[in-house]
Amino acid sequence: MDLTTHVEKYTIRWALKMGNSCSLYKFIARKETSMPNNSKIKNIMLLAAMTFGISAGFAVAENSTIDNVSTVTDEMLLNPSDGDWLMWRRTYDGWGYSPLDEINKSNVGDLRLAWAWGMSPGGRTQETPLVHDGVMYLQNSSHLIQALDAANGDLIWEYEYDLPSGARTQGVRSKAIYGDNLIIATRDARLLSIDAKTGQLNWNKQVADYKKGYSFSSGPIVANGVIVQGMTGCSKAQPGGCYITGHSVDTGAEIWRVHTIAQSGEHGDTWNGVPVASRHGGSAWITGSYDPDTNLILIGVGQPYPWNMEMAGLAPLRPGLNNDALYTNATLAIDANSGEVQWHHQYLPTDGLDLDYVYERILVDSKFNGKERKQVVTIGKIGIIESVDRTNGEWLWAKETSRQNVVLSWDKKTGEKTINPDTIPVAGETTFNCPADPGAHAWQPAAYSPLTDALYIPTIEFCSNTTVNSLDPGEIYTGGGRQTYSRVEHPDGDSNIGQVRAINMTDQSEMWQYRQRAPITSSTLPTGGGIVFVGSMDRKFLAFDDTTGEMLWSSGKLSNALESFPISYSAGGKQYVAIMANHKSGLGRLSSITPDIQLPPDNPATLYVFALPD
Amino acid sequence: MFETWPGRIWKAPVRPVPLRGMILSITNNFLRLTDTLFALAVSFLVTLISPGGVVLAADPEFFDVPFANNQWNIGRRVDDSKLRYCIDRRNPDWELAAEIVDAVAGALLLEPQRYIVKSEIVGEDLTKTYALLLEHCDILMGFKLIPGTYADWITLTRPYYHAKYTYVTADPDLLTLATLAPTRAIGPIMGTSAHIRLVSYVKALPAEARWPIYPMGTSELMLESLLNGTIDVGLIWAPTFWAKRPQDPAYAALHVIDSTPLPATTLGVGALLLSDKVFLRTAFDMAVTSLIEDGTITDIIDKFNFPATVNP
């Protein structure tokens, strides 16, 4: 074999890996190939090439994409570059909208795979990649943090956080970037600050004891220079439930703490007389939004634990007491700097069905009853869209989406709901409720497009025969929230379990609805090109016309269910759309009623990035 | 000021595979001493900054079908002369359970192979047992026989003992639940079969006759709440109370009361297996029956002064 050819192949391949222009390598390789066939001279030259090559390799990498990454300022977070995706839902208002329009209705049909990246296999994650200045940041289920060149998927650096034994080896839905650092939440309830250029750990802060069940399943938002992080896992050994904390971006030190369960004396007693130590739940397991005008974090709180009201001590209601269970299933409006709760609104008091109202908080300024209102919109598991004035917590309107039988009606002024008593689980009976526990709408958030003034909502329709069960099989090993849900299709359904719905924000009318057999398992992604992207449990990534709902493009079958948060970004002047394939929890529970949708047993996790051809 | 935790970092400039490829091919073709020295130098550099990592078990969240990390690589056992069993030190009966299963192994002429779960996690989802049953054992001791509780992927043996939930109080004058005033609170361990039975009874009473019920997340919280007066009566798995009581002198003030007017909630305790272990389950059941009949299990229970009974 000719050494010249061999070495040139490797040097160039390596050079190409190292950067776009490794002129030193190419120069030496060219020079070397033009020399006479003298092996000794060749060897010396080759050694020189290798030696210089290593240096050049470092130099190229250190001056390539990663070195162009700029410091993320407060101004950038307030007004991000069109090509960046700097936080969970891209912008503080939680829209999940990308203004990029290179990919549009006329050319989306040409979309094809640009690159893919295998992530830690076997774990479960619902990843939201972040992209800044052409660098993509990922958190694998193993807590391997990676920086990739967003244009081609080349690995730039990676940092592995060693989860302690016993902590869940699962992903965390989102992360933050601020200054020169990534802010990472871990499954063992720590916050990490990692240099975005080098992957070096800056600081590491333990927020709670994971051995007692505390955990982070979603990451933080950085608002006005404060890291705001919600806690989850407060179902057993966490007297007094969960909390939301504010932390210093410089050290991770805790600045403030807001309990998501009302403490003694807060708003009277809304827990049926149960002492604080016996109040459980209130997980803040989804990242909040931020209104810079009021400096308020708008964040959701989950349901009480156990799910069954009788088990939670909320029923039977004792005379003269209240069992609303504040602040479960509520929005908390928290001052980002002081941690003071300015207002709260509870959507579903006394929840006995695991029907969280913890999900997305979308901030939209829109007319209501002829007046412009600053609204915060959310959708609970029941699938009812609800809007509240985000300056004061006043309830504004609600709109039902998918079929449900839990809420019979609601007060048009206050939003107070009348619950169907037949759906409330009680010991010794089996009750029938729609939706089932994963919800008609789940952690996959809706998105808002300013082009159409519409919310794009992933929903599912299914029901459950629900039985209160004593799930105490072991002293340590228990199960769920102490109810058993036997999930079935809706009796009046058409077997199309998954839907995407477009709802006009001004008059709450439905613009279009797409229905299919497979559950919709990702968030929606509207773009400036008039496209709405969404992922499906049957391994397809879909693109719809944002005004008509016409399906314009579908990927081929990918490696796994698309249970994650698609994003769009630009790198090197080109628009990309990315989504991660993985079968996680949540709607993964629908597999019991969709056995026809086969998924790979080894649960691969893969990031797919699509773009138009060059 | 900063807390530390191990982590590993890797940066792009050094790529082990291409470098090794270069080094190997050059060595094979021409270079001798110089390339070897070069290879050593680069290898040292690679070693310095190569990433590392650990493989940890996954823990699904309320999954219908469990999952264990790398489950497709775990493989199958080949040594059928051993009875591989797991005991969990967090269970109150773990030492007693070990003696029982050792006796079962002896009855089956198998060599017992013990795996002790030493986790400090306070509570875990039942699906976490899947990884244990794949990796470490065929039998996991210490599970209550509760109808409708277990998914299809697991099964239970017959019970090797029966135990009950007990009402406990710090009030020396209180001897039976029947005399507990409706103003006084009961704190059951949350979500247990006995808790459901208590709630079902209480809600059948007139509102003014109902005891307040304060669910307790852990036995530690319940015992503490008894001592500080937050609750007047606790409801706890008798083996747990048996194990906790010697751990704190203050618990000596606590005593068990009669559950009247409620019947005692008694449950059988057996071992957990993957549902395809049909032959082992049958053999285990037969061995337990034999050991109950010959008094072996009773002797073990008596030895530990354990609050349980055996039923043929």
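Quick caveat, the model's predicted, so the values are computed rather than measured. Values reported hereafter were calculated over all heavy atoms of this structure, with side chains retained and with hydrogens, waters and symmetry mates removed.
Atom CD of A:Gln238 and atom CG of B:Leu221 lie 11.0 Å apart (nearest 0.5 Å). B:Met190 contributes atom CE, which lies 4.5 Å from atom NE2 of A:His280 (distance to the nearest 0.5 angstrom). If you take CD1 on B:Ile121 and OH on A:Tyr210, they are separated by 5.0 Å, rounding to the nearest 0.5 Å. Atom CG in A:Asp472 sits 7.5 Å away from atom CD1 in B:Ile196 (nearest 0.5 Å).
By the side-chain hydrogen bond (donor to acceptor under 3.5 Å, both in side chains) test, A:Thr430 is found to be paired with A:Thr467, residues two or more places apart in sequence or in another chain being considered.
Looking at B:Leu132, the atoms closer than 4.5 Å to chain A (heavy atoms on both sides) all sit in the side chain, from C-beta outward. No part of A:Leu192 comes within reach of chain B, as not one of its non-hydrogen atoms sits under 4.5 angstrom from that chain. Using a 4.5 Å cut-off between heavy atoms, B:Ser200 touches chain A through its side chain atoms alone.
Residues B:Asn91 and A:Ile476 meet the side-chain proximity criterion, which asks for heavy atoms closer than 4.5 Å.
Salt bridge annotation for B:Lys203-A:Glu310: present, with a cationic side-chain nitrogen under 4.0 angstrom from a carboxylate oxygen.
Taking A:Ser120, A:Pro275, A:Gly213, A:Pro319 one by one and counting their heavy-atom pairs under 4.5 Å with chain B, the maximum is reached by A:Pro275.
Against chain A, the residues from residues 211-219 of chain B that qualify, each with a non-hydrogen atom under 4.5 angstrom away, are B:Pro212, B:Ile213, B:Tyr214, B:Pro215, B:Met216, B:Gly217, B:Thr218 in number order.
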